[in-house]
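Just dropping this structure here.
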Amino acid sequence: IEDGNIISSVVIYPNPTTGVTSISCDNVIRTDVYNNIGQLISTFTNTSIIDLTKFPSGQYIFRIVLPNSIVIRKIIKQ
């Protein structure tokens, strides 16, 4: 059973970003980062800080794995 309160409270900031972003959730197991055509480009484990500085500007999709949920969020890198 998913906790809707946890899912709706997960926020990525700043968005848009120039590089480093934070996820507003303490229990992040893994974050998969996909480009705008759906290719997995990076995976971050056990962190709520995501560094996109080495990637080009554009739209990215974060697949955030939590203990009992998976949350999808879009982010813009300028």
Side-chain angles (χ1 to χ4, degrees):
I1 298 174
E2 296 180 352
D3 185 342
N5 292 330
I6 292 174
I7 292 172
S8 63
S9 68
V10 174
V11 176
I12 299 172
Y13 61 93
N15 190 8
T17 183
T18 56
V20 177
T21 62
S22 296
I23 301 171
S24 68
C25 188
D26 294 330
N27 300 320
V28 176
I29 296 170
R30 186 179 79 240
T31 301
D32 298 324
V33 180
Y34 295 86
N35 63 16
N36 62 349
I37 59 172
Q39 296 171 317
L40 177 64
I41 59 169
S42 191
T43 297
F44 297 84
T45 306
N46 297 320
T47 184
S48 59
I49 306 296
I50 307 299
D51 186 357
L52 298 176
T53 54
K54 66 180 181 179
F55 301 113
S57 298
Q59 178 175 294
Y60 293 90
I61 298 168
F62 285 9
R63 181 179 178 268
I64 304 161
V65 179
L66 304 173
N68 297 313
S69 305
I70 295 175
V71 178
I72 307 295
R73 294 287 185 266
K74 292 182 183 177
I75 188 161
I76 304 292
K77 180 178 183 256
Q78 297 177 329

Are the side chains of C25 and I64 in contact, using a 4.5 Å heavy-atom criterion?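 Result no, sub-4.5 Å side-chain heavy-atom pair not found.
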Any chance you could lay out the side-chain contact (heavy atoms from CB on, under 4.5 Å) test for R63 and V65, step after step, and finish with the verdict? CA-CA 6 Å; R63 181 179 178 268; V65 179; 3.6 Å; yes
Do you know which two heavy atoms are closest between P16 and Q78, and how far apart they sit?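 Closest approach of P16 to Q78, heavy atoms only: CG-NE2, 3.4 Å.
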Check F62 against I75 and note the closest heavy-atom contact, atom names and distance.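 Nearest heavy atoms, F62 then I75: CE1-CG2, 3.6 Å.
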Test item: I70 and I72 side chains (from C-beta on) under 4.5 Å apart, heavy atoms: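 Yes - at least one pair of side-chain heavy atoms lies under 4.5 Å apart.
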Kindly compute the distance separating CG (L52) from OH (Y60), expressed to the nearest 0.5 Å.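 Atom-to-atom, L52:CG and Y60:OH are 7.0 Å apart.
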Heavy atoms, side chains only, cut-off 4.5 Å: are V33 and I61 in contact?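 No, their side chains stay 4.5 Å or more apart.
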Once rounded to the nearest 0.5 Å, what's the spacing between atom CD1 of I23 and atom CG of L66?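 Here the rounded value is 8.5 Å.
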How long is the straight-line distance from CD1 of I50 back to NZ of K77, given to the nearest 0.5 Å?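 One gets 14.0 Å once the value is rounded to the nearest 0.5 Å.
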Minimal non-hydrogen separation, I49 against T47, with atom names: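 Scanning both residues completely, I find the closest heavy atoms to be N-OG1, 3.1 Å.
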Without swapping roles, check the side chain of R73 against the backbone of I12 for a donor-acceptor pair under 3.5 Å.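 No; zero donor-acceptor contacts below 3.5 Å.
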Hey, are the side chains of I76 and N15 touching, using non-hydrogen atoms and a 4.5 Å cut-off?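 They are in contact (side-chain heavy atoms under 4.5 Å apart), so the answer is yes.
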Who pairs with T43 by side-chain hydrogen bond (donor to acceptor under 3.5 Å, both in side chains), at least two apart in sequence or on another chain?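 Counting only residues at least two positions away or on another chain, T43 forms a side-chain hydrogen bond (donor to acceptor under 3.5 Å, both in side chains) with D32.
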Treating T53 as the side-chain partner and V20 as the backbone partner, does any N or O pair qualify as donor plus acceptor under 3.5 Å?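 Such a contact is absent between T53 side chain and V20 backbone.
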Please check if atom CG in D26 has more than 12 non-hydrogen atoms from other residues, nucleotides or ligands closer than 6.0 Å.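 No, not enclosed.
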